[in-house]
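Chain naming here is simple, since letters A, B, ... match the order of the sequence lines and numbering starts at 1 in each.
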2 protein chains.
Amino acid sequence: MDRDIFICHNCPMTRTMATIGTKWKPIIIYTIGKKKVRFGVIHAKMGIISKKVLTDQLRELEEDGIVKREVFKELPPRVEYSLTPKGLELLPILNMLTRWNQKHHGNTSGKDRKPKL
Amino acid sequence: MDRDIFICHNCPMTRTMATIGTKWKPIIIYTIGKKKVRFGVIHAKMGIISKKVLTDQLRELEEDGIVKREVFKELPPRVEYSLTPKGLELLPILNMLTRWNQKHHGNTSGKDRKPKL
DNA sequence: TTTACTGGTTACTTTATCGTTACCAGTATC
DNA sequence: GATACTGGTAACGATAAAGTAACCAGTAAA
């Protein structure tokens with residue numbers, strides 16, 4: 001349901017989660033990093049996301065000004081993605097999150113809540 | 001499906017998202033903040049999450065050592081939740097995320113991707 | 001005796017998100 | 001002519017996540 005009136009609706013954390021809080025977006029941003037990468041490379045690196053969902057999420061990230069999409073008029077098509085300045089500001093924050101997780105779990109801890117992928 | 005072998009599985013960002021990347025967890029952590037709050041207060045402040053899901057998410061956060069749950073032997077029952085030291089380390093990072101969002105959207109921008117709540 | 005309170009639990013339903021499959025187009029390669 | 005390439009799109013199906021509704025228990029209040 002689409003409720004417009006509730007207490008937490010406009011709290012900053014809720015809005016932030018709406019923008020980048022989906023399952024894949026932080027991982028996509030993290031995968032792109034400071035580079036310019038092609039769609040196929042992102043897809044190969046991420047390995048398990050479907051092409052359809054990756055396309056959808058990249059579109060939303062582009063719409064939100066987090067990711068820049070460059071189309072080269074070639075065949076077969078070549079499209080490169082990179083983070084905008086706005087997107088680049090997220091990287092250190094995401095890195096802090098991953099360092100927090102690593103500090104508390106290490107890289108290969110068996111006790112991690114396993115990703116549902 | 002539960003796939004055990006893929007490229008991005010053990011990347012730190014994926015593991016981090018598995019731990020706190022669900023829709024509600026960052027908002028719960030943000031709502032608790034530095035205080036000790038009762039279940040009913042968290043629920044009232046968040047406003048739209050169901051009791052069942054709030055209970056479930058708090059349980060997982062407790063299991064992951066992010067949230068501390070204190071039961072007082074009273075009737076009707078009184079349970080207070082607070083962040084553990086591990087959980088408190090997340091707060092500044094979540095605050096950075098919300099500041100990033102506010103910097104780029106402001107508090108009431110109509111252009112935000114609306115939370116699907 | 002009935003209602004209210006709190007913080008749950010459970011079975012089932014609904015919604016959101018993700019994935020599958022087939023298709024597209026235009027060049028290059030075989 | 002068929003296949004391969006890339007980066008998509010669309011319709012449909014599957015799964016995960018969230019929500020609903022009813023229930024629980026034991027005191028207190030009405």
Discussion item. As a check on the pairing definition, encode DNA chain D in dot-bracket form, counting Watson-Crick and G-U wobble pairs whose two distances are under 3.5 Å, and using | for partners outside this strand.
Written reply: ||||||||||||||||||||||||||||||
For [X] and [N], what is the distance between atoms [atom1] and [atom2] respectively, to the nearest whole Å?
{"X": "A:L58", "N": "D:dG8", "atom1": "CG", "atom2": "P", "value": "8 Å"}
{"X": "B:K52", "N": "C:dG8", "atom1": "NZ", "atom2": "C1'", "value": "11 Å"}
{"X": "A:E80", "N": "D:dT6", "atom1": "CD", "atom2": "P", "value": "14 Å"}
{"X": "A:I49", "N": "C:dT17", "atom1": "CD1", "atom2": "C1'", "value": "11 Å"}
{"X": "A:I48", "N": "C:dT17", "atom1": "CD1", "atom2": "C1'", "value": "14 Å"}
{"X": "B:E60", "N": "C:dT9", "atom1": "CD", "atom2": "C1'", "value": "16 Å"}
{"X": "A:L54", "N": "D:dT9", "atom1": "CG", "atom2": "P", "value": "11 Å"}
{"X": "A:D56", "N": "C:dT17", "atom1": "CG", "atom2": "C1'", "value": "10 Å"}

Worksheet entry | side-chain contact (heavy atoms from CB on, under 4.5 Å) between B:N101 and B:L97, intermediate numbers included | CA-CA 6 Å; B:N101 198 64; B:L97 274 182; over 6 Å; no
Discussion item. Whether A:R59 contacts D:dT9 is assessed here as follows: a side-chain N or O lying under 4.0 Å from the phosphate OP1 or OP2. Is that the case?
Written reply: yes
Practice prompt. Please check the phosphate of D:dG7 (OP1 and OP2 only) for any side-chain N or O of A:R38 closer than 4.0 Å.
Written response: yes
Exam field: side chain [X] to backbone [Y], donor-acceptor pair closer than 3.5 Å:
{"X": "A:K86", "Y": "A:D64", "answer": "yes"}
{"X": "A:T84", "Y": "A:G65", "answer": "yes"}
{"X": "A:T19", "Y": "A:R15", "answer": "yes"}

Item to complete: Could you pick out which residue, B:V79 or A:Q57, lies toward the 5' side of DNA chain C when each is mapped onto its nearest nucleotide?
Response: B:V79
N-O pairing of [X] and [Y] below 4.0 Å:
{"X": "B:E60", "Y": "B:K25", "value": "yes"}
{"X": "A:R78", "Y": "A:E70", "value": "no"}
{"X": "B:K103", "Y": "A:E89", "value": "yes"}

Item to complete: Give me the residues of residues 65-72 of chain A where at least one heavy atom lies under 4.0 Å from an atom of DNA chain D, by number, or none.
Response: A:R69
Distances for protein N/O vs nucleotides 22-27 of chain C N/O pairs under 3.5 angstrom?
none

Item to complete: Please report the closest heavy-atom contact between B:W24 and B:V53, naming both atoms and the distance.
Response: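 Looking at all heavy atoms of both residues, the shortest contact is CD1-CG1, 3.7 Å.
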Worksheet entry | Residue of the set B:R38, B:K35, B:E62, B:R69 for which side-chain hydrogen bond (donor to acceptor under 3.5 Å, both in side chains) holds with B:Y81 | B:R69
Discussion item. Classify the ring geometry of B:H43 against B:F39: parallel below 30°, tilted from 30° to 60°, perpendicular beyond 60°.
Written reply: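 It falls in the parallel class, under 30°.
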Worksheet item: Heavy atoms, side chains only, cut-off 4.5 Å: are A:M46 and A:I28 in contact?
Response: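 Sidechains of A:I28 and A:M46: in contact.
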